[in-house]
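Chain letters run A, B, ... following the sequence lines, proteins first, then strands; residues in each count from 1.
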2 protein chains.
Amino acid sequence: MDTKTALLDAAENAARAFGIDGFSYADLAKKVGIRKASIHHHFPTKDDLVIALMRRYTNDLIASLDKIDAVSETAGQRLRQQIARYRLALQGGQSLCLCAALSASRDSLSPEVVAELGSYRKTMLVWLADVFAKGTADGTILNVGKPENDAAACLAVLEGAQLYARAEENLNRFDEAVAQIIGRIL
Amino acid sequence: MDTKTALLDAAENAARAFGIDGFSYADLAKKVGIRKASIHHHFPTKDDLVIALMRRYTNDLIASLDKIDAVSETAGQRLRQQIARYRLALQGGQSLCLCAALSASRDSLSPEVVAELGSYRKTMLVWLADVFAKGTADGTILNVGKPENDAAACLAVLEGAQLYARAEENLNRFDEAVAQIIGRIL
DNA sequence: GTCTATAGTGCGATAGAC
DNA sequence: GTCTATCGCACTATAGAC
């Protein structure tokens, strides 16, 4: 595999498990099998690495949303798959969505990373609002109010539920928190 | 003021704003006006400090819940006041609930701190479940399902909404995410 | 209870050989 | 593109004077 890609993979896993301040170039070097000085050839500073990480993460999200849209027939199915995606990202309670992991330590981040975080959330919120709007139209999601508020509440539940499940390393905590929203899907 | 209390106050503000790995004894020393070596007299290790921090935080929560219970007449009023409490804790988008701030960097925490975090959430969940149960009984909260699930979803929304509002330093993001739950209160 | 001084470690980053 | 070697800095923690 490409060294750059291997570095991004290792950094993503580490950031989601330990937070942005919770891993070092030394950790990545060990994981990838090169010396830490060599990492600077690919990413001159740690901030360069984190920016690249978030850019890739947002691009992956867009691809993932397109895929969900392509294979789903109803809005309810789309929402259900998105919830499953967040559940899977937990990796049994060991790992957060990169977005949630970085948001918590906001003050360690450069303006570029904060902007990229905003872009990620915006993409997700627009998609969710569309799902809730379509869910009212096709009748597969119940009790939809203002789609934008439903989207914001849904994203908050997903990230809060991840935080909670991770704190106790227990997927049940995630399932309990999202049970209500799943109950609204036909 | 007591030096120990001043240290805990400074540490709590710092942890909620920058995360557990985002402040040092040097930062606290500067804030409180003593030398960093002197902090070790009050809290031998940083972990001792964080444990004391979480213990105080949980005790403050219990006192706060008692106060809300004392001044509220309906379950709906209690829930409304709890949401307001989380909104206030954001300090305009600069600061998270200590619990959310620590949960994100779980792997930097000692087992004692993780246990204390669990105790905090447990206290909050029991209280919220009771509020939702009473809200069905007195008719001041709508659409209550299993009170435990409502409580878990509510806590997840509150913490997720904080994370989101903090990332954008914008209280509107919090308000949008909790609008739905406020809409269920009569 | 607070101080100065310092030990010991780990960090991000750089220089220069290969 | 990767290496060895090293710089300068910040961190937690300790020793011992006052």
(message) If you define the side chain from C-beta out and look only at heavy atoms, does anything of A:V126 sit under 4.5 Å from A:K122?
(response) yes

Solution key, residues 110-117 of chain B side-chain donor-acceptor pairs under 3.5 Å, sequence neighbours excluded:
residue, atom, partner, partner atom, Å
B:S110, OG, B:D47, OD1, 2.8
B:S110, OG, B:D47, OD2, 3.1
B:S110, OG, B:E112, OE1, 3.4
B:S110, OG, B:V113, N, 3.4
B:E116, OE1, B:R55, NE, 3.2

(request) Taking side chain to side chain contact (heavy atoms under 4.5 Å, CB included) as the test, write out the residues that go with B:D60, two or more places apart. (result) B:R56

(request) Taking salt bridge (charged side-chain N to carboxylate O under 4.0 Å, His left out) as the test, write out the residues that go with B:D69, two or more places apart. (result) B:R78

Return a table of donor-acceptor pairs under 3.5 angstrom between the side chains of residues 17-28 of chain A and protein atoms on other chains or two or more places apart.
residue, atom, partner, partner atom, Å
A:D21, OD2, A:S108, OG, 2.9
A:S24, OG, A:A26, N, 3.3
A:S24, OG, A:D27, N, 3.2
A:S24, OG, A:D27, OD2, 3.2
A:Y25, OH, A:F43, O, 3.0
A:Y25, OH, A:T45, O, 3.1
A:Y25, OH, A:K46, N, 3.3
A:D27, OD2, A:S24, N, 2.9

Check the distance between [N]'s [atom2] and [X]'s [atom1] and give it to me in whole angstrom.
{"X": "B:K30", "N": "C:dT2", "atom1": "NZ", "atom2": "C1'", "answer": "19 Å"}
{"X": "A:K4", "N": "D:dT2", "atom1": "NZ", "atom2": "P", "answer": "11 Å"}
{"X": "B:I34", "N": "C:dT4", "atom1": "CD1", "atom2": "C1'", "answer": "14 Å"}
{"X": "A:R35", "N": "C:dT14", "atom1": "CZ", "atom2": "C1'", "answer": "17 Å"}

(request) Indicate whether OP1 or OP2 belonging to D:dT2 is found under 4.0 Å from a side-chain N or O atom of A:T3. (result) yes

(request) Verify the contact: side-chain N or O of A:H41 to OP1 or OP2 of D:dT2, cut-off strictly under 4.0 Å; return yes or no. (result) no

Please output the side-chain donor-acceptor pairs of residues 149-156 of chain A that fall under 3.5 Å, not counting sequence neighbours, one pair per line with the distance.
residue, atom, partner, partner atom, Å
A:D150, OD1, A:R184, NH2, 2.9
A:D150, OD1, B:Q180, NE2, 2.2
A:D150, OD2, A:G145, N, 2.8

(request) If a protein heavy atom is under 4.0 Å from the base, mark B; if only from the sugar-phosphate, S; if neither, -; do that for nucleotides 5-18 of chain D going 5' to 3'. (result) B-----SBBB----

